[in-house]
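Notes for the one structure printed next.
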Amino acid sequence: MRIRKITLRELGMKLIAPFEISNGVSYDRRILLLEADVDGVIGWAECVAGETPQYSPETVETAWHVLRDHLWPLMKGKDFASAEDVSAMLEPVRGHNMAKGALEAAVWDAEAKHKGVPLWKLLGGVHQEIACGVSIGIKKSLDELAAAVKKELDAGYQRIKIKIKPGKDVEQVKRLRQDFPQVKLMVDANSAYRLEDWPLLKELDGFYLMMIEQPLGWEDIYSHAELQEKLVTSICLDESIHTFEQARAAIALGACKIINIKLGRVGGYTSARKIHDLCERNGIPVWCGGMLESGIGRAHNIALSTLPNFALPGDISASRRYWVEDIIEPEVVVSPQGTIRVPAGPGIGFEPRLERIEKLTTRSEQLA
Ligand code: OSB
Ligand code: MG
């Protein structure tokens, strides 16, 4: 196989509603799509880097630069046997996992299309139905939060995650536990706390949460191990895990009991599968995180979630929760039971809507 051409595109897409987490608010997304022509078959992927370096050091701008000036030169004119080989070819570049992950995932889609099989099957997936949860941003009031949770439960979602930050934590959880005592509930702090805050986090033990996601520093695995010792509630790591080695260290130190895998954050499917397998061997369940993706990234998240150890509902929700109109056909829909049926078509199994993509494109560049 050989990548003949890459097209980078930036799309401007307005979120249906602003999304607030502990370190910022998103209104309009800048969606970076990558189209790879692999021997005449087109593979699609989305780079999940954000507009600002607040979740990860990568941004749309850094990803564009690294893809064009550093990653594409490593692939240009090179033959390889399968998509599985791509991540090793990109190794000379340190970090920039979201840029790498987009390039790698597009090649996986192309390989699956070339073979005429669904991507999830090529990856070794087993689940034909994905369990879905929602991620709910920080709200102005407790009533607004409770109403948002009720709406998602009525739609069928199987678990609720709320974003928390200092001053918007224990009261919020307490209120939700009063209103929804039975619901599968978890919180995500996006690194908003320090280890010294442990007595406050300990209060959350009283509400039988499924997990607390990324309470401490994004580069601080060790403090998570110290915190986990003090808590009954499972810690789930998100931002801290970019590599297999970090996952190995986190598990060995007891820094978490659950890991959220994001395809972009770990640099693509080969890395995601290695982390998935490591977690499986160690009795650590994983779930698929989300990055406010368009349908292209959402389709990849669905494929990833079919692997056997994706044992907990992921942050994978319907296109309509984010977009008035998505860029894939069909859109991602969630059943009243809170599940997504895995597509049967080749590759990611959703068709990019080229006309709509064209209309939303603010810049594009071809590399050949
Ligand atoms: O921490 O999981 C996170 C969105 C942007 C950045 C980080 C996170 C999130 C989400 C959204 O929680 C999940 C989704 O796409 O539905
Ligand atoms: Mg998170």
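In each ligand, atom 1 is the first atom listed, and ligand 1 is the first ligand listed.
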Legend entry - Identified salt bridge (charged side-chain N to carboxylate O under 4.0 Å, His left out) counterpart of Arg321 within the set Glu331, Glu152, Glu293: Glu152
Inset, instruction - Taking the six-membered ring for Trp and the single ring otherwise, decide whether the centroids of His65 and His70 are under 6.0 Å apart. - result: yes
Inset, instruction - Find out whether Glu46 and Leu32 are in side-chain contact, i.e. whether some heavy atom of one side chain is under 4.5 Å from a heavy atom of the other. - result: no
Legend entry - Residue Glu213, metal the Mg ion (ligand 2), N/O/S under 2.8 Å: yes
Inset, instruction - For atom 6 (C) of ligand 1, find the nearest protein heavy atom and state the residue, atom name and distance (0.1 Å precision). - result: Met291 SD, 3.7 Å
Legend entry - Residue, atom name and distance, where the atom is the protein heavy atom closest to atom 13 (C) of ligand 1: Gly290 O, 3.5 Å
Legend entry - Neighbour count above 12 (heavy atom, 6.0 Å) for Lys150 NZ: no
Inset, instruction - Tell me whether the guanidinium CZ or amine NZ of Arg159 lies under 6.0 angstrom from the six-membered ring centre of Trp287 and within 45° of its axis. - result: yes
Legend entry - atom 15 (O) of ligand 1 - nearest protein heavy atom and its distance: Leu292 N, 2.8 Å
Legend entry - Atoms of ligand 1 close to Lys163 [distance to a heavy atom under 4.0 angstrom, numbered from 1]: 1 (O), 2 (O), 3 (C), 8 (C), 9 (C), 10 (C), 12 (O)
Inset, instruction - I would like to know whether Glu325 and Arg353 meet salt bridge (charged side-chain N to carboxylate O under 4.0 Å, His left out); could you show each step before the answer? - result: CA-CA 11 Å; Glu325 202 180 342; Arg353 293 174 55 190; 2.6 Å; yes
Inset, instruction - Report the nearest protein non-hydrogen atom to atom 12 (O) of ligand 1: residue, atom name, distance rounded to 0.1 Å. - result: Ser135 OG, 2.9 Å
Inset, instruction - Check each atom of ligand 1 against the heavy atoms of Asp238 and keep those under 4.0 Å away; list them by number with element. - result: 1 (O), 2 (O), 3 (C)
Inset, instruction - Could you tell me which atoms of ligand 1, counted from 1 in the order shown, lie closer than 4.0 angstrom to a heavy atom of Glu213? - result: 2 (O)
Inset, instruction - Could you tell me whether Phe310 and His276 have their ring centroids closer than 6.0 angstrom? - result: yes
Inset, instruction - State if Gln214 counts as touching ligand 1 under the rule of any non-hydrogen atom under 4.0 Å. - result: no
Legend entry - the Mg ion (ligand 2) to nearest N/O/S of Asp188 below 2.8 Å: yes
Inset, instruction - Please check if atom NE2 in His127 has more than 12 non-hydrogen atoms from other residues, nucleotides or ligands closer than 6.0 Å. - result: yes
Legend entry - Lys262-ligand 1 polar pair, N/O distance under 3.5 Å: yes
Legend entry - Numbered atoms of ligand 1 (with element) below 4.0 Å of Asn190, judged on heavy atoms: 1 (O), 3 (C)
Inset, instruction - Please could you name the atoms of ligand 1 that Tyr322 approaches to less than 4.0 Å, counting only its heavy atoms? - result: 14 (C), 15 (O), 16 (O)
Inset, instruction - Would you check whether Arg321 reaches within less than 4.0 Å of ligand 1, judged by its heavy atoms? - result: no
Legend entry - Ile316 contact mode with ligand 1 (heavy-atom cut-off under 4.0 Å): neither
Legend entry - Residue from Asp79, Asp85, Asp37 passing salt bridge (charged side-chain N to carboxylate O under 4.0 Å, His left out) with Arg2: Asp79
Inset, instruction - Pick out which of Lys140, Lys165, Lys163, Lys139 makes a salt bridge (charged side-chain N to carboxylate O under 4.0 Å, His left out) with Glu20. - result: Lys165
Legend entry - Shortest-distance N/O/S atom, Asp238 versus the Mg ion (ligand 2): OD2
